Amino acid sequence: MLGVSSSCITANICQTLLSLLGKCKSMLELKKLHAIGISFGLSQEDSFISKILYFSAVSNSGDIDYSYRVFSQLYSPTIFSWNIIIRGYSNSKSPIHSLSIFLKMQQLGVAPNYLTYPFLVKASARLSNQESGVSLHAQIIKTGHESDIFIQNSLIHMYASCGNIIGAHKVFDSMQGKNLVSWNSMLDGYAKCGDMVLAHKVFESMQDRDVRSWSSLIDGYVKAGEYREAMAIFEKMQVVGPKSNEVTMVSVLSACAHLGALEKGRMMHKYIVNNGLPMTMVLQTSLVDMYAKCGAIEDALFVFRGVSKSQTDVFIWNAIIGGLATHGLVEESLKLFKEMQMVGIRSDEITYLCLLAACAHGGLVKEAWYFFESLVKCGMTPTSEHYACMVDVLARAGQLTAAYQFICQMPIEPTAPMLGALLSGCINHRNLDLAEIVGKKLIELDPNNDGRYIGLSNVYAVVKRWDDARSMREAMERRGVKKSPGFSFVEISGILHRFIAHDKTHPDSEETYSMLNFVVYQMIHGVRQDNRGENFLNDTLIEDELTLF
DNA sequence: ATTGATGAAC
């Protein structure tokens, strides 16, 4: 009698705990409920443990490692439990654990089911590990799961993520009933591979398009450096497409940042606020970056300061430290680095790159050496960019011999950006003998880059060796190196204007050149308040004088 | 219970 009534009580407790777990909001709450459950002997009770595992592995405020610890105490986990753990790790920072747990599962002779595969394939995709993806694909075929649409979609994504767009397309073509996810995965695959012609083609041939279709297309254009096209698609989306979300806006802000389109960027910020889009960390980082790249460092700082420090991650710190560095606000940049360390955010390779850039702008050679050494001390391996930045610091400070020695002592081969930094240092500090050597080496290293010939040509121009300067241009043409036209953007009232050197097609071209001549005249002869510049339409003046800058 | 998108430096 007693046994029956006590198991009745336990069942009641279990029911109560299950309904409380359904409303659980945080890991702290979950752990309390878990503790109560254990004290009532529910530590192997399937319905109870499943809920514990599910919340800690899948929910946003979960903790997959906690989930795994609970899982590893189970005598005989159900396939449901295995799948939850594999799913949790596939979305975590270390998707590799999904695969190792799968391996364990196979060793124990537990068979995966149709729900296990999408999580595993996703783990391979996130690892960009095609080898494991292919082996999963083989197993999927062997077990007769190859016509499951969820599995097929995850395979498309996996192949595309591994850069195998042909493999992705094969799965796509083999499908009987494709859905929006299949099309979006294919579209995103092309966009990620940088093939925007095919990406756009897929987009055009789609019957339905959702916010992800539009976002993938926009992001593809951004990643391909076609920022104006990205903005054009976004504008079209607002007219004929679905409402954008915070993910769309991240790509759009990146386009604004690269274009230097501050007013557009501000409009996008307002759009985000007005539409109540969730202010995620990623979005805030994009805002900080956009404001910094558009020259509005105050606004970047304002957004940054609005983030509570406990929520920050290394990305947003890097964005603001790098932004301050490029604005020449070196002290502030280094101060924020100290603050970052106080908050306890671990810096990474890019943090150090930003710090070295700050040192380069501030002429802080000693500090640069210090950062370079602490980078190594923290167990990181300096990349060619770190070395290039270090060369830049030394070259800007006029320590040309030190820069040269630094390059010679590196464990890696010199790269073009390094020698480029050294070359500008040589020109600025008038060591033209070294400049000539470096300039020649640079052409050898990067013979298809028009800028490298111009670089050496500039060296000859400084020492007035006009024949040699001209021969550089001839060498360039002889080798068939295309000179890419230099151009810049100016944003006026939210409209972007593009200016290409010597281009006269802009409707306000004449007025622009007139004003440019006026400005150049002022730079040479001093400011004259009374002149509006109408009579300065003189191209020769511009070309002659501008070569000096 | 399942699949598809986003941020930092060059």
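Note that the coordinates shown come from a computational prediction; the quantities given were computed from them, not determined experimentally. Protein chains get the first letters and strands the later ones, always in sequence-line order, with residue 1 at the start of each.
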Checklist entry - Which nucleotide in the set B:dA9, B:dG7, B:dA8 lies at the smallest distance from any side-chain heavy atom of A:Asp313? => result B:dG7

Checklist outcome for this item: A:Asp210 atom CG is separated from B:dT6 atom P, nearest whole Å, by 14 Å

Next on the checklist: Under 4.0 Å, counting only non-hydrogen atoms across every strand here, what does A:Asn83 touch: a base, just sugar-phosphate, or nothing?
Outcome noted: base

Checklist outcome for this item: The nucleotide from B:dA1, B:dC10, B:dT3 with an atom nearest the side chain of A:Val181 is B:dT3

Checklist entry - So what does A:Leu180 hit on the nucleic acid, given a heavy-atom distance under 4.0 Å: a base, only sugar-phosphate, or nothing? => result base

Next on the checklist: Please confirm whether the shortest side-chain N or O distance from A:His157 to OP1 or OP2 of B:dA5 is below 4.0 Å.
Outcome noted: yes

Item to check | Beyond-backbone contact of A:Met175 with A:Asn153, side-chain heavy atoms, under 4.5 angstrom | outcome: yes

Review item, side-chain donor-acceptor pairs of residues 414-423 of chain A, under 3.5 Å, at least two apart:
none

Item to check | Closest nucleotide among B:dT2, B:dG7, B:dA1 to the A:Asn113 side chain | outcome: B:dA1

Item to check | Selection from B:dG7, B:dA5, B:dA8 that lies nearest to any side-chain heavy atom of A:Ile350 | outcome: B:dA8

Checklist entry - Between B:dT3 atom P and A:Ile140 atom CD1, what is the distance in whole Å? => result 14 Å

Next on the checklist: What's the closest nucleotide to the side chain of A:Arg87 if the choices are B:dA8, B:dT2, B:dT6?
Outcome noted: B:dT2

Item to check | Aromatic contact, A:Trp82 with A:Phe71 (centres under 6.0 Å) | outcome: yes

Next on the checklist: Students often get this wrong, so: under 4.0 angstrom with heavy atoms, is A:Met186 touching a base, only sugar-phosphate, or nothing?
Outcome noted: nothing

Next on the checklist: Can you identify which nucleotide, out of B:dA1, B:dA8, B:dC10, has its nearest atom closest to the A:Asp348 side chain?
Outcome noted: B:dA8

Checklist entry - Atom CD1 of A:Ile156 and atom CE of A:Met158: how far apart are they, to the nearest 0.5 Å? => result 10.5 Å

Checklist entry - How many Å lie between CG on A:Asp148 and P on B:dT2, as a whole number? => result 13 Å

Checklist entry - Given the side-chain rings of A:Phe337 and A:Phe371, with only the six-membered ring counted for Trp, is the space between their centroids under 6.0 Å? => result yes

Item to check | Residues touching DNA chain B, which here means a heavy atom under 4.0 Å, drawn from residues 92-105 of chain A | outcome: none

Checklist outcome for this item: Of the candidates B:dA8, B:dA1, B:dT6, the side chain of A:Lys192 sits closest to B:dT6

Next on the checklist: Without decimals, in angstroms, what is the distance between A:Asn318 CG and B:dC10 C1'?
Outcome noted: 13 Å

Item to check | Per A:Asn153 side chain, nearest of listed nucleotides B:dC10, B:dT3, B:dA8 | outcome: B:dT3

Item to check | Minimum side-chain heavy-atom gap A:Glu332-A:Leu301 below 4.5 Å | outcome: no

Next on the checklist: Using whole Å, what does the distance between atom P of nucleotide B:dT2 and atom CG of A:Leu136 come to?
Outcome noted: 19 Å

Next on the checklist: Show me the pairs that pass side-chain hydrogen bond (donor to acceptor under 3.5 Å, both in side chains) and involve residues 293-302 of chain A, at least two apart or across chains.
Outcome noted: A:Arg266-A:Asp299, A:Asp289-A:Lys293

Checklist entry - Less than 6.0 Å separating the ring centroids of A:Trp183 and A:Phe203? => result no

Checklist entry - What does A:Phe80 touch in the nucleic acid at a heavy-atom separation under 4.0 angstrom: a base, only the sugar-phosphate, or nothing? => result base

Cut-off 3.5 Å, no hydrogens considered: what does the side-chain donor-acceptor table look like for residues 323-331 of chain A, sequence neighbours left out?
residue: A:Thr326; atom: OG1; partner: A:Gly322; partner atom: O; Å: 3.2
residue: A:Thr326; atom: OG1; partner: A:Gly323; partner atom: O; Å: 2.9
residue: A:His327; atom: NE2; partner: A:Ala292; partner atom: O; Å: 2.8

Checklist entry - Which of the following nucleotides, B:dG7, B:dT3, B:dA1, is nearest to the side chain of A:Lys223? => result B:dG7

Item to check | Residue pairs involving residues 375-390 of chain A (criterion side-chain hydrogen bond (donor to acceptor under 3.5 Å, both in side chains); sequence neighbours excluded) | outcome: A:Thr383-A:Glu385, A:Thr383-A:His386

Checklist entry - Where along residues 283-301 of chain A does a heavy atom come under 4.0 Å from DNA chain B, residue by residue in number order? => result A:Thr285, A:Ser286, A:Asp289, A:Lys293

Checklist entry - Over how many whole Å does the gap from A:Gln311 atom CD to B:dG7 atom C1' extend? => result 16 Å

Next on the checklist: With the criterion set at under 5.5 Å between ring centres and under 30 degrees between planes, would B:dT3 be stacked on A:Phe150?
Outcome noted: no

Next on the checklist: Whole angstroms only, please: what is the CG-C1' distance between A:Asn91 and B:dA1?
Outcome noted: 12 Å

Next on the checklist: Counting only side-chain heavy atoms from C-beta out, which of B:dA8, B:dG7, B:dT2 sits nearest to A:Val282?
Outcome noted: B:dG7

Checklist entry - B:dA5 P sits how many Å from A:Arg209 CZ, rounded? => result 19 Å

Checklist entry - So is A:Lys243 actually on top of A:Phe234's ring, under 6.0 Å and inside 45° of the axis? => result no

